[in-house]
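The block underneath contains the structure these notes are about, expressed in structure tokens.
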Amino acid sequence: MKYSAKIISSLEKCFINDDITLLKSINNLSCLKNEKLNFQIAYTVYSDTLRDKKPAFFMIKSELNEFIKIYKVESVPCRFPVMHNTKELDYQKKEPYLYPDLLDEYIHSDNIYFVPNVLQSLFIEINLDYNSLFHGEYTLECIFFDSDNEILYKTEISIEIINSYLDDEKIKYTQWFHSDCLSSYYNVKPLSEKHFKIIDNFMKTASEYGINTILTPVLTPPLDTKIGGERPTIQLVGIKKNGLKYEYNYDLLDKWINLCKKNSIEYFEISHFFTQWGAKHAPKIIATVNGRKKRIFGWDTDSTSDEYVYFLRDFIKNLIVHLKKLNIDKKCIFHISDEPNEKTVDNYKAAKNTISDLLEDYMVTDALSSIEFYKQGIVKKPIPSTDKIHDFIELKVKNLWAYYCGGQYIDVSNRYIAMPSYRNRIIGAQLYKYDIEGFLHWGYNFYYNQYSRKLINPFLITDADFFAPSGDAYTVYPGNDYNPLKSLRLLIFNEALQDIRAFKTLEKLTSYSHVISIIEEEIDELTFNNYPRNNDYILNLRKKINREISQHT
């Protein structure tokens, strides 16, 4: 048997029938003192015998071992990898197949297997987030060995830790946190102690990989819900209705906020006050009436009805008072209705006008694609999609945010499982160039099908039951121990966030224009739909940035 292994970049994706000889090897990497540095080791074996596998173990020898985690990259089925008939070519594959994505943490006592003509990879994460001591050159010996401690293959990589730090300033970043999906998947009572423990686990991972803004369900979010249907009640604010008066209990909200603070989450997206796609109705709202809990508003409630407006204004006034007591009101983002379009301008405007005076001192925004909402002054701080954002950039909209979802699949960055990882990571350079204040993506852990009609198995159904191309709905998988399992896409997007902070570090040492000159050294103009389509551009860009930071430090 002939064993083969190769150290490759984190941006490669190893499909099971790929040829290892075609992968580009690397032998050195650099990073700053407080970032996560990633690479992979591809491995396979060639054999002319009938033996189908060789059990083995893997280890790394290095002074940095305390920072190192090893993951097995597992493939998942993608039956809907791309939009049908798309002419976009920049995908690794476009047909149903097994795609590498799931990261399963490797336990050193467990086997890995060399399987003839099957290419696999290990993902190596060196988590230096809290490192303050280590800097300089380090060698990592990567060793495969069998049960008799006989070395099957050995290779090494040199790591340079530059004596400088990623900038402290972080972009506001939210991936919608669907806590109801967690209660459904793990079959626990919503907002029970067990549910909060699971929420805590998933929040921790979210924070570790850059999410610092979280969808906070003061009311059950009216997102991706079938008209007339309901998602599980996840309302954090207790409501008691006494005739025309309302009383509020904030115990669960306070518990949520405390969990967020524990997990270093700084900003809070208050859930939407009206239904998605046009603000026509009220979200599901549960209240205690005459000692019994019942739904008092929902799909049968017109968004601008007197009864709902009366309640909503009272709810918002009291909520803001409480948020002020917690000293977080200025760290809150308020939403009207998700993804309104030009056909719903009037509905959206009418709904917003019922409460806009109460929110004048706060950021009120929504994800949208139509620039009419901004031109008419209806949404003063829009969150445009990345394929429409240049319309907003041309109008010099200040403090601009950006978002993408399943609809952004031609030319622009996104994180479908079928996309090459450079198409995921390039968003960092794009957000930095245009000084984007925040980024939104709708799916951190959405495990329902379209319109939230039923739970799906995200390990088998990666497209939310043909809702959107594989990977759009979530970037973590639900593990057996109530902890999330990570994906390649989660870690690669975090690399993009680190790129932004590295750019800012160099900007403070030199200038913004100098950093842009490096970013655009190999391209006439970087935009959201124009960027180099290869791994080398991003890898070389970070090498240049790191080298300059080192020279100026």
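These numbers were taken from a predicted model, which means no experiment stands behind them. In this chain, residues are counted from 1 in sequence order.
Neither side chain, Tyr409 nor Asn414, offers a donor N or O lying under 3.5 Å from an acceptor on the other. If you check the side chains of Asn212 and Glu266, you find no donor sitting under 3.5 Å from an acceptor. Between the side chains of Glu269 and Thr213, no donor N or O sits under 3.5 Å from an acceptor N or O. Side-chain contact annotation: Asn529 with Asp387, donor-acceptor N/O pair under 3.5 Å absent. Side chains of Asn445 and His178: no donor on one and acceptor on the other come within 3.5 Å. Glu495 and Ser10 are linked by a side-chain donor-acceptor pair at a separation below 3.5 angstrom, with hydrogens and angles left out of the test. Under 3.5 Å, the side chains of Gln175 and Thr475 contain a donor-acceptor pair of N or O atoms.
Ile227 CD1: 12 or fewer foreign heavy atoms inside a 6.0 Å radius. Atom NZ of Lys170 has 12 or fewer neighbouring heavy atoms from other residues, nucleotides or ligands inside a 6.0 Å radius.
Checked against the 6.0 Å centroid threshold, His281 and Phe274 do not count as a close aromatic pair.
Of all the heavy atoms in Thr220 and Arg231, the pair that sits closest is CG2-O, 4.3 Å. Here the closest non-hydrogen pair linking Ile519 and Leu526 is CG2-CD2, 3.8 Å. The heavy-atom pair separating Ala418 from Lys93 by the smallest distance is CB-O, 3.7 Å.
Asn424 places no side-chain N or O within donor-acceptor distance of the main-chain N or O of Arg415, the cut-off being under 3.5 Å. Checking side-chain atoms of Asn530 against main-chain N and O of Thr527 turns up no donor-acceptor pair under 3.5 Å. Between the side chain of Asn449 and the backbone N or O of Arg453 there is at least one donor-acceptor pair closer than 3.5 Å.
Partners of Trp277 according to the ring pair (Phe, Tyr, Trp, His ring centres under 6.0 Å) rule, which considers only residues two or more places apart in sequence or in another chain, do not exist here. By the ring pair (Phe, Tyr, Trp, His ring centres under 6.0 Å) test, Phe58 pairs with Phe144, sequence neighbours left out. Annotation: salt bridge (Lys or Arg N to Asp or Glu O under 4.0 Å) contacts of Lys388 (sequence neighbours excluded): none. Scanning for ring pair (Phe, Tyr, Trp, His ring centres under 6.0 Å) contacts around His195 gives an empty result, with sequence neighbours left out. Judged as a ring pair (Phe, Tyr, Trp, His ring centres under 6.0 Å), and not counting sequence neighbours, the contacts of Phe528 are His390, Tyr434.
A distance of 11.0 Å separates SG of Cys14 from CG of Asp19, quoted to the nearest 0.5 Å. Here NZ of Lys69 is found 12.5 Å from CZ of Phe123. Values are rounded to the nearest 0.5 Å. Between the CG atom of Asn38 and the CD atom of Gln498 there is a distance of 7.5 Å, given to the nearest 0.5 Å.
Under a 4.0 Å N-O distance rule, the pair Glu105/Lys486 does not qualify as a salt bridge. Salt bridge present: Glu35 and Arg542 bring a charged side-chain N and a carboxylate O closer than 4.0 Å. The existence of a salt bridge linking Asp536 and Lys24 is confirmed by a sub-4.0 Å separation between a basic side-chain nitrogen and an acidic carboxylate oxygen.
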ring-ring contact (aromatic ring centres under 6.0 Å, His included) evaluation trace for His272 with Trp176: CA-CA 12 Å; His272 303 67; Trp176 281 348; 5.4 Å; yes

Go through it in stages, so that I can follow the logic: the residues are Glu125 and Lys36, the test is salt bridge (charged side-chain N to carboxylate O under 4.0 Å, His left out), and I'd like the CA-CA distance, side-chain angles, deciding distance and then a yes or no. CA-CA 7 Å; Glu125 177 186 61; Lys36 293 181 176 74; 5.3 Å; no

Please test Arg501 against Asp167 for salt bridge (charged side-chain N to carboxylate O under 4.0 Å, His left out), starting from the C-alpha separation and ending with a verdict. CA-CA 5 Å; Arg501 295 171 64 196; Asp167 191 74; over 6 Å; no

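Within the structure, ring pair (Phe, Tyr, Trp, His ring centres under 6.0 Å) pairs that include any residue of residues 469-499 comprise Tyr173-Phe493, Tyr186-Tyr482, Phe439-Phe493, Tyr447-Tyr474, Phe459-Tyr477, Tyr474-Tyr477 (at least two apart or interchain).
A tilted orientation is assigned to the rings of Tyr432 and Phe503, their planes being inclined by 30° to 60°. Tyr416 and Tyr91 have parallel rings, their planes meeting at less than 30° on a 0 to 90° scale where 60° marks the start of perpendicular.
A heavy-atom distance below 4.5 Å is found between the side chains of Cys260 and Phe268. Looking at heavy atoms from C-beta onward, Val218 lies in side-chain contact with Leu253 at the 4.5 angstrom threshold. Within the 4.5 Å cutoff, the side chain of Pro382 has no heavy atoms near those of the Trp401 side chain. Side-chain contact between Ile492 and Tyr422 is absent, with no heavy atoms from C-beta onward closer than 4.5 Å.
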